[in-house]
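Report on the structure given below.
Index from 1, following the sequence.
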Amino acid sequence: MKRELICIRCPLGCRLSAEWNGKFENLTIAGNRCPRGAEYAKQELCDPRRIVTAVVRCNSAVQSCIPVRTDRELPKGLIDRLLNTLYQIRVEIPVRRGDILIKNFEDSNVNVIFSSTITR
């Protein structure tokens, strides 16, 4: 199998070519100009993950939603469940940037944190 990727780990945006014979142990990466490109391709093909950003509703008179994000990359298979969970939450203010809203979402070691401070 063969797949073309563009690395997003640094501003270079290397065009990567990944080849394997059905088993990821035999994965060959070409086109990367640094080791991060090879790491990115392996992760993207074997265990794709993303930082998730969203908003949750709150009881503030100033704004109706508060931005939140994951503190590290979440496996792509859990993103829909996380978003469904977040969109059902209503937060009581005040909240501080960096405070944890959801700790260890579904045993993934990924927390959801507030991206802003809202005091009123």
Side-chain angles (χ1 to χ4, degrees):
M1 303 175 102
K2 187 174 182 177
R3 184 154 170 214
E4 303 295 319
L5 302 163
I6 296 176
C7 181
I8 59 171
R9 292 278 165 95
C10 76
L12 292 176
C14 296
R15 294 189 179 275
L16 308 174
S17 176
E19 290 188 56
W20 66 100
N21 62 356
K23 295 183 179 180
F24 287 115
E25 296 86 35
N26 301 323
L27 184 62
T28 304
I29 310 295
N32 56 303
R33 291 182 253 175
C34 71
R36 292 183 289 179
E39 292 170 13
Y40 169 77
K42 288 177 187 174
Q43 182 178 357
E44 186 63 20
L45 295 171
C46 300
D47 182 25
R49 295 171 171 264
R50 300 289 185 271
I51 295 286
V52 178
T53 60
V55 293
V56 292
R57 290 177 289 158
C58 69
N59 66 340
S60 170
V62 177
Q63 63 187 68
S64 60
C65 296
I66 303 171
V68 296
R69 66 176 177 85
T70 55
D71 63 352
R72 62 180 55 97
E73 295 172 330
L74 182 72
K76 278 181 76 173
L78 294 176
I79 291 174
D80 284 342
R81 281 188 267 175
L82 175 61
L83 291 174
N84 287 332
T85 300
L86 290 173
Y87 295 148
Q88 294 175 26
I89 293 175
R90 184 173 176 94
V91 175
E92 297 291 322
I93 57 167
V95 298
R96 294 180 50 107
R97 184 173 151 244
D99 285 351
I100 295 175
L101 173 63
I102 300 173
K103 187 173 181 134
N104 191 20
F105 180 73
E106 295 202 8
D107 294 324
S108 64
N109 290 324
V110 176
N111 301 316
V112 177
I113 61 174
F114 292 101
S115 300
S116 294
T117 297
I118 306 295
T119 57
R120 54 188 175 107

Identify each donor-acceptor pair in which a side-chain atom of residues 51-62 lies under 3.5 Å from a protein atom, sequence neighbours left out, and give them as a table.
| from | atom 1 | to | atom 2 | distance (Å) |
| --- | --- | --- | --- | --- |
| Arg57 | NH2 | Tyr87 | O | 3.4 |
| Asn59 | OD1 | Ile93 | N | 3.0 |
| Asn59 | ND2 | Glu92 | OE1 | 2.6 |
| Ser60 | OG | Val62 | N | 3.0 |
| Ser60 | OG | Gln63 | N | 3.3 |
| Ser60 | OG | Arg120 | O | 2.5 |

Stepwise, does the side chain to side chain contact (heavy atoms under 4.5 Å, CB included) test hold for Ile118 with Val91? CA-CA 11 Å; Ile118 306 295; Val91 175; over 6 Å; no
Return the minimal non-hydrogen interatomic distance between [X] and [Y], and the atom names on each side.
| X | Y | answer |
| --- | --- | --- |
| Ile8 | Tyr40 | CG1-CE1, 3.5 Å |
| Leu74 | Ser108 | CD1-OG, 3.7 Å |
| Asn32 | Gly37 | CB-CA, 3.8 Å |
| Cys14 | Gly31 | CB-O, 3.6 Å |
| Ile89 | Thr85 | CG1-O, 3.3 Å |

Taking the side chain as every heavy atom from C-beta outward, state whether [X] and [Y] have any atom pair closer than 4.5 Å.
| X | Y | value |
| --- | --- | --- |
| Leu101 | Val95 | no |
| Cys7 | Leu12 | no |
| Arg97 | Ser116 | no |

Side chain to side chain contact (heavy atoms under 4.5 Å, CB included) between Leu78 and Arg81, worked out: CA-CA 5 Å; Leu78 294 176; Arg81 281 188 267 175; 3.2 Å; yes
Just how far is it from atom NZ of Lys2 to atom CH2 of Trp20, taken to the nearest 0.5 Å? 11.0 Å
CZ/Arg15 to CZ/Arg33 distance, rounded to the nearest 0.5 angstrom? 10.0 Å
Linked, directly or transitively: Ile29 and Leu5 (ILVMFWY side chains, under 4.5 Å): yes
Inter- and intrachain pairs under side chain to side chain donor-acceptor pair (under 3.5 Å), touching residues 70-79, at least two apart: Gln43-Glu73, Asp71-Asn111
Can Asn104 and Asn109 be said to form a side chain to side chain contact (heavy atoms under 4.5 Å, CB included), step by step? CA-CA 5 Å; Asn104 191 20; Asn109 290 324; 3.6 Å; yes
Checking Leu82 against Ile102 for the side chain to side chain contact (heavy atoms under 4.5 Å, CB included) test, could you report, in this order, the C-alpha distance in whole Å, the side-chain angles of both residues, the deciding distance, and whether it holds? CA-CA 10 Å; Leu82 175 61; Ile102 300 173; 4.3 Å; yes
